[in-house]
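Convention: sequence-line order gives letters A, B, ...; per-chain numbering from 1. The analysis underlying the following values was restricted to heavy atoms, covering all of them including side chains, and did not include hydrogens, waters or symmetry mates.
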Number of protein chains: 4
Amino acid sequence: MATRETQALIIESAVNLFNQHGTARVSTNRIAQACGISKGNLHYHFRNKESIVQSIYDQMIMEVRRNWRDDHLDPTIQHMAEMYERQLMLIWNYRFFYRELVALLRHDSQLKATFSEYRNSRTAEIVRFFKALITAGVMRQPEGAQSLESLVRISWILSDNWINYIEVDGHEISPQTIREGYALVIELFRPYLTEAALLEIQHYPLQAGSPSLKAASEQPGRKC
Amino acid sequence: MATRETQALIIESAVNLFNQHGTARVSTNRIAQACGISKGNLHYHFRNKESIVQSIYDQMIMEVRRNWRDDHLDPTIQHMAEMYERQLMLIWNYRFFYRELVALLRHDSQLKATFSEYRNSRTAEIVRFFKALITAGVMRQPEGAQSLESLVRISWILSDNWINYIEVDGHEISPQTIREGYALVIELFRPYLTEAALLEIQHYPLQAGSPSLKAASEQPGRKC
Amino acid sequence: MATRETQALIIESAVNLFNQHGTARVSTNRIAQACGISKGNLHYHFRNKESIVQSIYDQMIMEVRRNWRDDHLDPTIQHMAEMYERQLMLIWNYRFFYRELVALLRHDSQLKATFSEYRNSRTAEIVRFFKALITAGVMRQPEGAQSLESLVRISWILSDNWINYIEVDGHEISPQTIREGYALVIELFRPYLTEAALLEIQHYPLQAGSPSLKAASEQPGRKC
Amino acid sequence: MATRETQALIIESAVNLFNQHGTARVSTNRIAQACGISKGNLHYHFRNKESIVQSIYDQMIMEVRRNWRDDHLDPTIQHMAEMYERQLMLIWNYRFFYRELVALLRHDSQLKATFSEYRNSRTAEIVRFFKALITAGVMRQPEGAQSLESLVRISWILSDNWINYIEVDGHEISPQTIREGYALVIELFRPYLTEAALLEIQHYPLQAGSPSLKAASEQPGRKC
DNA sequence: AATGAATGAGGCTTCATTCAT
DNA sequence: GATGAATGAAGCCTCATTCAT
């Protein structure tokens with residue numbers, strides 16, 4: 001099989017297992033088994049377990065980079081919905097990573113550096129988006145110099161942890177739960193939205209038919 | 001040595017190590033070493049690793065039960081500050097638990113049941129507190145039937161994960177970071193607070209001199 | 001409690017547990033628990049596990065010595081039945097010992113010496129009993145110099161292992177199974193018994209009402 | 001090294017050690033050492049200790065199946081000698097198994113089922129053999145409906161335990177001791193044998209030169 | 001007599017990783 | 001590219017035993 005294919009298979013299986021059981025409880029053995037390849041082969045493609053995590057991280061960052069460019073150029077409520085949906089889906093797909101963040105970053109300083117950089121630049125981009133929203137008259141300027149940054153921070157923490165919050169209750173993740181997470185974000189920003197924006201929210205709710213949400217609802221059926 | 005003392009020592013050491021490295025990366029061996037006792041003795045006091053986690057959880061719940069009663073009887077901004085400070089400190093002290101929540105609960109169904117019950121009853125108590133705040137005229141009723149519940153949910157997720165958020169940046173936890181977490185909660189509720197309440201916030205910020213914050217600022221210096 | 005009582009309790013519990021699970025699978029811990037005493041106390045009474053086995057052995061030998069004297073002075077079929085019943089009961093009561101004989105004796109050379117001596121002298125006594133039976137006209141002399149010794153040997157091996165043989169089938173031990181074991185011994189000697197003896201066997205079968213058989217049928221209900 | 005070779009080596013070493021010390025006193029560690037392989041490698045080939053015992057049992061049953069077919073088609077004294085010799089050798093080779101039968105079967109219900117089935121079908125085969133002997137005029141029909149079955153049972157118990165009986169005395173096993181065991185079986189059946197058969201026994205004693213007996217006499221010198 | 005705390009050796013097993021083929 | 005055999009470290013746990021009280 002081509003190197004790329006095997007590597008992709010390994011990463012896919014690893015992500016699934018890590019999401020289900022956490023990195024510590026998943027042995028390289030188990031990953032190899034899930035892929036239907038030998039332990040030896042796995043180590044041919046990845047020097048060690050850590051490098052699998054690294055690759056998963058790289059892949060995640062690549063997805064981020066592909067999706068998240070120039071959000072501030074389309075300052076609409078609809079785009080906001082799409083933005084948060086994308087973010088929540090990404091977190092769902094790599095939820096093991098968000099759960100173990102502290103330990104993983106403490107353990108790998110290079111990973112830590114790139115993650116911090118990602119977080120900062122992404123936060124800045126979101127702030128820029130909300131400033132564009134304000135300029136476009138969709139939202140009012142919160143009072144206080146730091147207020148907008150604070151709200152974005154809150155929305156960030158909310159996004160990062162909504163899925164975790166839901167999982168603790170034992171709920172399955174679904175388009176519905178993703179929509180509920182987004183609803184909380186709206187609740188956070190509601191006092192600052194204009195009448196027009198609030199109306200639009202009711203007309204354009206997060207759509208169950210969007211492609212990434214479909215992926216989410218299918219995912220539990222995967223085999224690895 | 002008395003059983004109680006040794007058990008307390010083990011739990012203290014385990015909490016510290018778990019907080020630093022995560023439960024999976026801390027062996028019973030390492031805990032015993034940190035305590036300066038033999039492996040055998042550790043297993044004399046705790047049948048296995050899981051039972052250590054159980055005991056830590058029990059201790060945490062006991063602290064919760066001791067602290068959180070009848071919060072809604074004192075519906076003031078000052079009490080609100082204390083409430084959230086307490087909550088943030090608790091989470092800081094047992095942060096490993098909050099990080100690994102999903103895995104731990106998935107692994108232990110009894111623990112899951114008690115935790116769900118705790119979360120529900122505590123959420124209800126906080127909602128009651130905010131209703132009392134509204135009745136006392138400190139806060140305005142948010143529009144929409146579900147709004148207050150949603151805000152409380154957001155504040156919960158915020159509290160649970162603020163410390164994680166900060167730690168990823170590599171910041172040490174300190175009275176200052178606890179205060180910043182509380183500031184975010186205030187930012188969340190700000191649109192609904194009355195003028196009087198907002199004034200009070202400026203006059204009575206979270207005090208660096210409160211006992212639990214002192215504990216927090218000292219804790220990083222512990223030995224185990 | 002008096003030393004004697006505690007020691008007796010320990011030995012009783014140990015015999016029961018050893019019989020059920022084998023010496024290797026029974027820890028001193030478990031014995032102490034079964035007795036309701038502490039590990040420390042157990043080691044106060046018995047230096048180590050081996051010395052418990054030693055004591056059990058001594059007790060068994062004492063029972064033997066008490067029961068088996070001058071069997072050859074009463075050379076009747078009835079006495080023969082009683083002899084074998086006694087032997088089978090003893091083996092049942094200390095069956096763990098007979099199962100693990102080789103390992104136990106290999107491990108403890110003093111025990112080995114006393115056991116060999118016991119076996120030899122007991123075999124000689126049984127041979128003497130059968131010679132008396134022959135003299136009394138109850139049995140015919142088997143042809144061949146070694147024959148009687150061989151038959152006694154066979155009956156010995158039979159007695160030692162009948163209970164084991166039965167247990168493998170998962171049958172509970174009962175007066176009935178003891179009687180069946182004795183029936184095999186009779187079958188072995190049948191060709192050498194006179195008509196009168198054979199008649200007597202039918203008139204005086206092993207009695208279910210004899211004291212030691214009662215003990216046997218009650219024993220499974222013991223608590224330790 | 002090939003998997004088969006290593007596995008065979010492990011099993012061979014394990015059988016030897018189990019025979020010498022009993023399963024409980026032989027650690028997987030010790031087996032690995034005896035084989036000159038690492039602990040890890042041992043567990044690569046056998047998931048755990050129990051599965052080693054299982055494999056040994058399977059191997060024993062295979063040997064049985066290979067050897068014991070259609071014994072009743074050759075109803076001669078010579079064949080009888082060979083039959084019992086084979087049986088005694090098998091028991092010698094796997095004597096640990098026969099000693100610990102009760103504990104092993106109690107511990108593993110699958111093993112128990114197969115063993116019971118083996119014992120029953122083998123006993124039936126031996127009974128069939130003796131019936132053929134009677135038909136062939138080599139042996140007389142014992143009186144009483146159950147007598148033949150009883151004699152076979154006795155010979156079974158005798159075979160199973162003769163080696164144990166001898167070992168307790170500390171005797172090394174040798175062609176001579178195997179022959180003595182067989183002699184006891186003959187003693188058991190002697191009253192029912194015809195003149196011709198008895199003569200034949202004297203002319204064709206168990207041969208020291210038969211292949212399996214050679215194996216037996218060499219075995220004590222094995223290294224592991 | 002009895003207890004409970006403590007120890008250290010050793011048992012079983014998992015696992016990441018290496019390497020010859 | 002891939003495999004399977006092998007390794008050694010480390011993890012969790014049990015246990016006989018000791019000792020102060």
Side-chain angles (χ1 to χ4, degrees), chain A residues 1-7 24-32 35-52, chain B residues 1-7 10 24-32 35-52, chain C residues 1-7 10 24-32 35-52, chain D residues 1-7 9-10 24-32 35-52:
Chain A
M1 207 194 289
T3 294
R4 271 295 131 105
E5 284 175 55
T6 307
Q7 281 184 343
R25 283 184 208 274
V26 175
S27 64
T28 53
N29 217 337
R30 205 164 160 190
I31 298 172
C35 294
I37 66 173
S38 69
K39 283 199 276 187
N41 196 13
L42 188 142
H43 278 272
Y44 173 77
H45 289 287
F46 293 92
R47 203 164 26 83
N48 53 31
K49 199 176 167 180
E50 205 176 318
S51 83
I52 297 178
Chain B
M1 206 194 289
T3 292
R4 272 293 135 99
E5 286 174 53
T6 306
Q7 280 184 345
I10 291 169
R25 284 185 206 273
V26 175
S27 65
T28 53
N29 225 334
R30 205 163 159 191
I31 298 172
C35 295
I37 65 173
S38 67
K39 283 193 278 185
N41 196 14
L42 186 141
H43 281 275
Y44 173 76
H45 289 287
F46 293 92
R47 206 162 25 81
N48 52 33
K49 199 176 165 180
E50 203 177 319
S51 84
I52 297 178
Chain C
M1 209 195 286
T3 294
R4 271 294 132 107
E5 284 175 56
T6 306
Q7 280 185 344
I10 291 169
R25 283 185 207 274
V26 174
S27 64
T28 53
N29 217 338
R30 206 163 160 191
I31 299 171
C35 295
I37 66 172
S38 68
K39 283 200 274 188
N41 196 13
L42 186 142
H43 277 271
Y44 172 77
H45 289 288
F46 293 91
R47 202 165 25 83
N48 54 31
K49 199 175 166 181
E50 205 176 318
S51 83
I52 297 178
Chain D
M1 208 194 289
T3 293
R4 271 294 135 99
E5 285 175 54
T6 308
Q7 280 184 346
L9 177 62
I10 290 168
R25 284 185 207 273
V26 175
S27 65
T28 53
N29 225 335
R30 205 163 159 192
I31 298 172
C35 294
I37 65 174
S38 66
K39 283 194 280 184
N41 196 14
L42 187 142
H43 281 275
Y44 173 76
H45 289 288
F46 293 92
R47 204 161 26 81
N48 52 33
K49 198 175 165 181
E50 203 177 319
S51 84
I52 297 179

Between F:dG1 atom C1' and A:Q7 atom CD, what is the distance in whole Å? 11 Å

Please name all residues satisfying side chain to side chain contact (heavy atoms under 4.5 Å, CB included) with B:H43, sequence neighbours left out, ordered by chain then number. B:T28

Using whole Å, report how far OH of B:Y44 lies from C1' of E:dA9. 19 Å

CD1 of C:I31 to CD1 of C:I52, rounded to nearest 0.5 Å, is 4.5 Å

Under the side chain to side chain contact (heavy atoms under 4.5 Å, CB included) test, which residues partner A:S38, sequence neighbours left out? A:N41

Please report, rounded to the nearest Å, how far the P atom of F:dC13 is from the CZ atom of B:F46. 13 Å

Choosing from E:dG8, F:dT3, E:dA2, which nucleotide comes nearest the side chain of B:S38? E:dG8

Consecutive-pair stems (at least three Watson-Crick or G-U pairs, under 3.5 Å) that include DNA chain E: E:2-21 with F:2-21

Who passes side-chain hydrogen bond (donor to acceptor under 3.5 Å, both in side chains) against B:R30, sequence neighbours left out? B:H21

Between CD1 of C:I31 and C1' of E:dA2 the distance, given in whole Å, is 18 Å

Summarise how protein sits on nucleotides 16-21 of chain E as a single string, 5' to 3': B when a protein heavy atom is under 4.0 Å from the base, S for sugar-phosphate-only contact, - for no contact. BBB---

For A:Q7, enumerate each residue passing the side chain to side chain contact (heavy atoms under 4.5 Å, CB included) test, keeping only those at least two apart in sequence or located in another chain. A:T3, A:R4, A:H45, A:F46

Rounding to an integer number of Å, can you tell me how far A:H45 NE2 sits from F:dT3 P? 9 Å

Side chain of C:I37 only, please: which of E:dA6, E:dT3, F:dA6 is the nearest? E:dT3

Starting at atom CG of C:L42, determine the distance to atom P of F:dC15, rounded to an integer number of angstrom. 14 Å

Please report the distance, rounded to the nearest Å, between CZ in D:R25 and C1' in F:dT14. 16 Å

In terms of heavy-atom contacts, C:I10 and C:C35 come closest through CA-SG, 3.6 Å

Working to the nearest 0.5 Å, report the span between NZ of D:K49 and CG of D:N29. 10.5 Å

